[in-house]
Amino acid sequence: MKILITGGAGFIGSAVVRLAVARGHHVVNLDALTYAANLANVASVDNSPLYRFEQADIRDRQALTRIFSDHAPDAVMHLAAESHVDRSIDGPGDFIETNITGTFNLLEAARAHWQAQGRPDSFRLHHISTDEVFGSLGPTGQFTETTPYDPRSPYSASKAASDHLVRAWHETYGLPVVLTNCSNNYGPFHFPEKLIPVVILNALHGRPIPVYGQGENVRDWLYVEDHAAALLLALEKGVPGRSYAIGGENERRNIDLVRTICALLDEMRPDGAPHDRLITFVTDRPGHDARYAIDPSRIREELGWSPSVTVEEGLRRTVRWYLDNEDWWRPLLDRQGVGQRLGTKA
Ligand SMILES: NC(=O)c1ccc[n+]([C@@H]2O[C@H](COP(=O)([O-])OP(=O)(O)OC[C@H]3O[C@@H](n4cnc5c(N)ncnc54)[C@H](O)[C@@H]3O)[C@@H](O)[C@H]2O)c1
């Protein structure tokens, strides 16, 4: 397949790019290269004859039309987005423009391309979304594909809006779409403003490890390479118009996750032990969702997917990767907002 992947210089998009090229697909990586992007994430495929890069912004409809015309993709995997909840609290405008208007532009450019090709049934537009669109769970229950939407942050509201647009383009115009809603990802190449890299890097530097509230919030963690495999499977085998919830069935309270990472660092970098002495409780995020959990029965039973690593193994690999890849993360610490407390302007 020739796959147009948006957001392929980001955390999850780059994992999808690397896996798709490894599996022999032609890949066109379309990315605006915002603060969250890093072309080093795709350096391993940069010289592959299967790989092309297009710097473009999904808010620019003309650029999208040109790229569809130049590359004539068989499929689109749409990951480009503003993705950080704390930044969405301080400045929601970019989230509305990229996640909603940008998705609208992509749908229109894809629809024009698909119609010009004679509306092939084999075409796919795969929209990658989050479990955050479903809101916040109490102590029990899990999200499924039929859970009503109830987004509570500017980020999740903008992603929910984009999901609705994608479904509408399927129902109204017949565009063959697939949707996935995934839980929290972690792993190599994770930008150092998100919880797990913040914990690792602050611990390495002997700096306070900020934990929001009392660290009671629960997330369902999935190793990014397992997510990438699930996404390619949903692209290839997913039923048009259908959505698939993806999760690792690895629920952890934030405080327990942080303590696990500290214990791994105690083992791998004993000179700074005990790292959990650096844990510092800070004012909670406004509107902080209490708990997310995914029931992945549909993708497991219909498409045969299951994660390949446990959270313990995935965290071990992740900590090792950050210890071994200082050249990757060091320059990112200078980017705007990194290392600062964001998301307090509510
Ligand atoms: N990180 C998670 O845990 C998680 C979980 C579920 C779903 N998702 C979804 O997966 C997708 C990827 O998430 P991520 O964590 O890799 O995000 P990320 O922030 O690491 O990467 C986003 C990429 O999109 C690009 N981008 C942003 N605005 C753009 C624009 N206007 N035009 C073109 N490119 C643009 C950025 O340059 C960056 O490379 C997002 O849609 C996100 O909502 C993320």
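Sequence positions, counted from 1, serve as the residue numbers for this chain. Indexing begins at 1, ligand by ligand and atom by atom, following the structure's order.
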Would you please name every residue forming a side chain to side chain contact (heavy atoms under 4.5 Å, CB included) with R259, sequence neighbours left out? I255, D276, I279
Note every protein N or O atom lying under 3.5 Å from an N or O atom of ligand 1, pairing the names and giving the distance.
unit_1: ligand 1; atom_1: 3 (O); unit_2: N185; atom_2: N; d: 2.9
unit_1: ligand 1; atom_1: 16 (O); unit_2: F11; atom_2: N; d: 3.3
unit_1: ligand 1; atom_1: 16 (O); unit_2: I12; atom_2: N; d: 2.7
unit_1: ligand 1; atom_1: 17 (O); unit_2: S83; atom_2: OG; d: 3.3
unit_1: ligand 1; atom_1: 19 (O); unit_2: S83; atom_2: OG; d: 2.7
unit_1: ligand 1; atom_1: 20 (O); unit_2: F11; atom_2: N; d: 3.0
unit_1: ligand 1; atom_1: 31 (N); unit_2: D57; atom_2: OD1; d: 2.8
unit_1: ligand 1; atom_1: 31 (N); unit_2: T98; atom_2: OG1; d: 3.0
unit_1: ligand 1; atom_1: 32 (N); unit_2: I58; atom_2: N; d: 2.9
unit_1: ligand 1; atom_1: 34 (N); unit_2: A32; atom_2: N; d: 3.1
unit_1: ligand 1; atom_1: 37 (O); unit_2: D31; atom_2: OD1; d: 2.5
unit_1: ligand 1; atom_1: 37 (O); unit_2: T34; atom_2: N; d: 3.0
unit_1: ligand 1; atom_1: 37 (O); unit_2: T34; atom_2: OG1; d: 3.1
unit_1: ligand 1; atom_1: 39 (O); unit_2: G10; atom_2: N; d: 3.0
unit_1: ligand 1; atom_1: 39 (O); unit_2: D31; atom_2: OD1; d: 3.2
unit_1: ligand 1; atom_1: 39 (O); unit_2: D31; atom_2: OD2; d: 2.6
unit_1: ligand 1; atom_1: 41 (O); unit_2: L79; atom_2: O; d: 3.1
unit_1: ligand 1; atom_1: 41 (O); unit_2: K159; atom_2: NZ; d: 2.6
unit_1: ligand 1; atom_1: 43 (O); unit_2: Y155; atom_2: OH; d: 2.7
unit_1: ligand 1; atom_1: 43 (O); unit_2: K159; atom_2: NZ; d: 3.1

Exercise: do N184 and Y292 side chains pair donor with acceptor under 3.5 Å: no
Of all residues at least two apart in sequence or in a different chain, which pass the salt bridge (Lys or Arg N to Asp or Glu O under 4.0 Å) check with R330? E326
Do the side-chain N and O atoms of E251 and W221 include a donor-acceptor pair separated by under 3.5 angstrom? no
Test salt bridge (Lys or Arg N to Asp or Glu O under 4.0 Å) applied to D266 - qualifying residues, sequence neighbours left out: none
Distance flag, aromatic centroids of Y149 and H164, threshold under 6.0 Å: yes
